[in-house]
There are 2 protein chains.
Amino acid sequence: MNSESSTSGVSLDWVDGETKVEEAPHDHGDETRLWLRLLTCTTLVETEVRRRLREEFDFTLPRFDLLAQLERAEDGMVLGEVSKRMMVSPGNLTALVERLVESGYVSRTVSPKDRRVQIIALTEAGRAAFRNMADRHGEWIGDMFKQLSARDGAALMKELGKLKNSIRATLSNPQ
Amino acid sequence: MNSESSTSGVSLDWVDGETKVEEAPHDHGDETRLWLRLLTCTTLVETEVRRRLREEFDFTLPRFDLLAQLERAEDGMVLGEVSKRMMVSPGNLTALVERLVESGYVSRTVSPKDRRVQIIALTEAGRAAFRNMADRHGEWIGDMFKQLSARDGAALMKELGKLKNSIRATLSNPQ
DNA sequence: TGGAATTAGTTCATCCTTAAAATGATATTT
DNA sequence: AAATATCATTTTAAGGATGAACTAATTCCA
């Protein structure tokens, strides 16, 4: 029904890990199924975006995400701030930024006020490249989401907002 | 308001990359915002699950996911099938399975009918360890989702179902 | 049968990612 | 001012992930 198999495997013939993982005493089966469905949706979109970024622009998603963060910080951003916004470890950024500096999309300046601090910013080339990719990115997402009515989209947005609050509540107040 | 800063950075003080990435001619801004919110929720949960798996069981999420797939295949599973269900490349599994075989949680048998094929299965130790972790996993998810009413959960499940269909439609019929 | 295509997995090079430890700079005490 | 704490970033070691190239086994079919 649904196959494709490229030389290097993977592709469209995935199957969904989405089924119950457990059925324990106090259950939580519903939440777990919901979580798995959430994860499935995210993985499907994310994988496709990665694939297209590579194919069309020979670019990676982490690099794209980094440019996206910088794009709305006209005067650049402190590295630590980027780390928080991207939800990745600071150590991760070191190499990522390095590569983007090398390719000329990003500039890196040591703050004159505090020599520990770095300010990262988009170069003109980076800004142009990003805008280009972001346009396509928007189209891809629009395409993948297109069967969802405006109504459903709004509902989903709202429900996800509630979920996000629920998660954050637990995270900031463990146990 | 919300900080914690361990030696190695990251933790609770994330900020959400969730804001518009672009505002292009044909827009897609709503879909993109929805996508970013979806991604944020997934990342929050996933990161927390990783953290707790490591802390409580010194285990990784990919390994846990692999055990989860095998758990509901009494007689084991062909490696390629695992790859499809987990939505990861086959090459990825080679090392993952190797490590789980070493730790005694998984057995690997070459099929007698077709010597290209491998059958992977949980060992008794693997089954026990998995059940243990899966119980806790369910609790964590239940905890993070607990502020979502049953009604909201059901609604979210349904909306995500629609989204999943939309995505799959695009993937199996690109352009 | 015997060659070509297909299929299942592995290997390789490259990148991403993290936690933890280390480095180096600024702030805070005493 | 010296000692100490805190803070921003880098380094390191280890695991995950991918696409592409490769190996080996099976199937297809002329």
Side-chain angles (χ1 to χ4, degrees), chain A residues 3-11 13-14 43 46-55 58-66 77-84 86-103 108-120, chain B residues 3-11 13-14 43 46-55 58-66 77-84 86-103 108-120:
Chain A
S3 63
E4 182 99 353
S5 299
S6 63
T7 314
S8 58
V10 181
S11 62
D13 44 19
W14 282 344
T43 305
E46 194 174 325
T47 304
E48 183 66 6
V49 168
R50 273 180 210 279
R51 200 178 65 70
R52 297 198 186 193
L53 270 181
R54 159 185 295 269
E55 278 195 5
D58 191 28
F59 216 66
T60 68
L61 185 53
R63 295 203 247 253
F64 176 80
D65 287 342
L66 178 42
M77 236 171 158
V78 171
L79 194 65
E81 181 68 11
V82 179
S83 158
K84 284 177 195 169
M86 290 183 69
M87 306 191 205
V88 300
S89 66
N92 189 4
L93 287 182
T94 299
L96 202 51
V97 168
E98 179 56 30
R99 281 185 271 252
L100 284 168
V101 167
E102 267 170 28
S103 67
R108 188 173 34 183
T109 326
V110 171
S111 163
K113 322 203 171 243
D114 182 339
R115 284 178 8 239
R116 292 171 300 182
V117 170
Q118 287 190 2
I119 292 142
I120 313 298
Chain B
S3 61
E4 182 98 355
S5 303
S6 64
T7 314
S8 58
V10 181
S11 61
D13 45 19
W14 282 344
T43 304
E46 194 174 323
T47 304
E48 183 67 5
V49 168
R50 272 181 211 279
R51 201 179 64 69
R52 296 198 186 193
L53 270 181
R54 159 184 297 269
E55 278 195 6
D58 191 26
F59 215 66
T60 67
L61 185 52
R63 296 203 247 253
F64 176 80
D65 287 342
L66 179 42
M77 237 172 158
V78 172
L79 194 65
E81 181 68 10
V82 179
S83 157
K84 285 177 194 168
M86 291 183 69
M87 307 191 203
V88 300
S89 66
N92 189 0
L93 286 183
T94 298
L96 200 50
V97 169
E98 180 55 29
R99 280 184 272 253
L100 284 169
V101 167
E102 268 169 29
S103 68
R108 188 173 35 182
T109 325
V110 171
S111 163
K113 320 202 173 249
D114 183 338
R115 279 169 23 231
R116 289 169 304 182
V117 170
Q118 286 191 4
I119 292 143
I120 314 298

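As the structure is a computational prediction, the values presented were derived from the model and not from experiment. Residue numbers begin at 1 in each chain, while the letters A, B, ... track the order of the sequences. Side chains included, hydrogens not; waters and symmetry mates left out as well; all remaining heavy atoms used.
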*asked:* Just to be sure I understand the rule, does A:Gly91 reach a base, reach only the sugar-phosphate, or reach nothing, if contact means heavy atoms closer than 4.0 Å?
replied: base
Heavy-atom side-chain contact between [X] and [Y] under 4.5 Å:
| X | Y | answer |
| --- | --- | --- |
| B:Leu53 | B:Thr60 | no |
| B:Thr47 | A:Met87 | no |
| A:Gln118 | A:Val78 | no |
| B:Arg63 | B:Leu96 | yes |
| A:Val97 | A:Val101 | yes |
| A:Val117 | A:Val110 | no |

Using atom [atom1] of [X] as one end and atom [atom2] of [N] as the other, report the distance to the nearest whole Å.
| X | N | atom1 | atom2 | result |
| --- | --- | --- | --- | --- |
| B:Glu46 | C:dC16 | CD | P | 17 Å |
| B:Asp114 | C:dT7 | CG | C1' | 8 Å |
| B:Asp58 | C:dT18 | CG | P | 18 Å |
| B:Ile120 | C:dA8 | CD1 | C1' | 12 Å |
| A:Met77 | D:dA8 | CE | P | 14 Å |
| B:Arg52 | C:dA19 | CZ | C1' | 18 Å |
| A:Leu66 | C:dC15 | CG | C1' | 14 Å |
| A:Leu93 | C:dT17 | CG | P | 9 Å |

*Which sits closer to the 5' end of DNA chain C, B:Ile119 or A:Lys113, going by the nucleotide each is nearest to?*
B:Ile119
*Quick one: on DNA chain C, does B:Gln118 or A:Arg115 contact a more 5' nucleotide (nearest heavy atom)?*
B:Gln118
*asked:* Tell me which pairs pass salt bridge (charged side-chain N to carboxylate O under 4.0 Å, His left out) where either residue lies in residues 91-101 of chain A, with sequence neighbours left out.
replied: A:Glu98-A:Arg108
_Earlier contact from the 5' end, DNA chain D, for A:Arg54 and B:Pro112_ = A:Arg54
Collect all protein-nucleotide pairs involving nucleotides 13-17 of chain D in which both atoms are nitrogen or oxygen and the distance is under 3.5 Å.
residue, atom, partner, partner atom, Å
D:dG16, OP1, B:Thr60, OG1, 2.5
D:dG16, OP2, B:Arg99, NE, 2.8
D:dG16, OP2, B:Arg99, NH2, 2.9
D:dA17, OP2, B:Asn92, ND2, 3.2
D:dA17, O5', B:Asn92, ND2, 3.1

*Can you figure out which of C:dG9, C:dA25, D:dT9 approaches the side chain of B:Val117 most closely?*
C:dG9
*Donor-acceptor pair (no angle test) under 3.5 Å: A:Arg116 side chain, D:dT9 base*: no
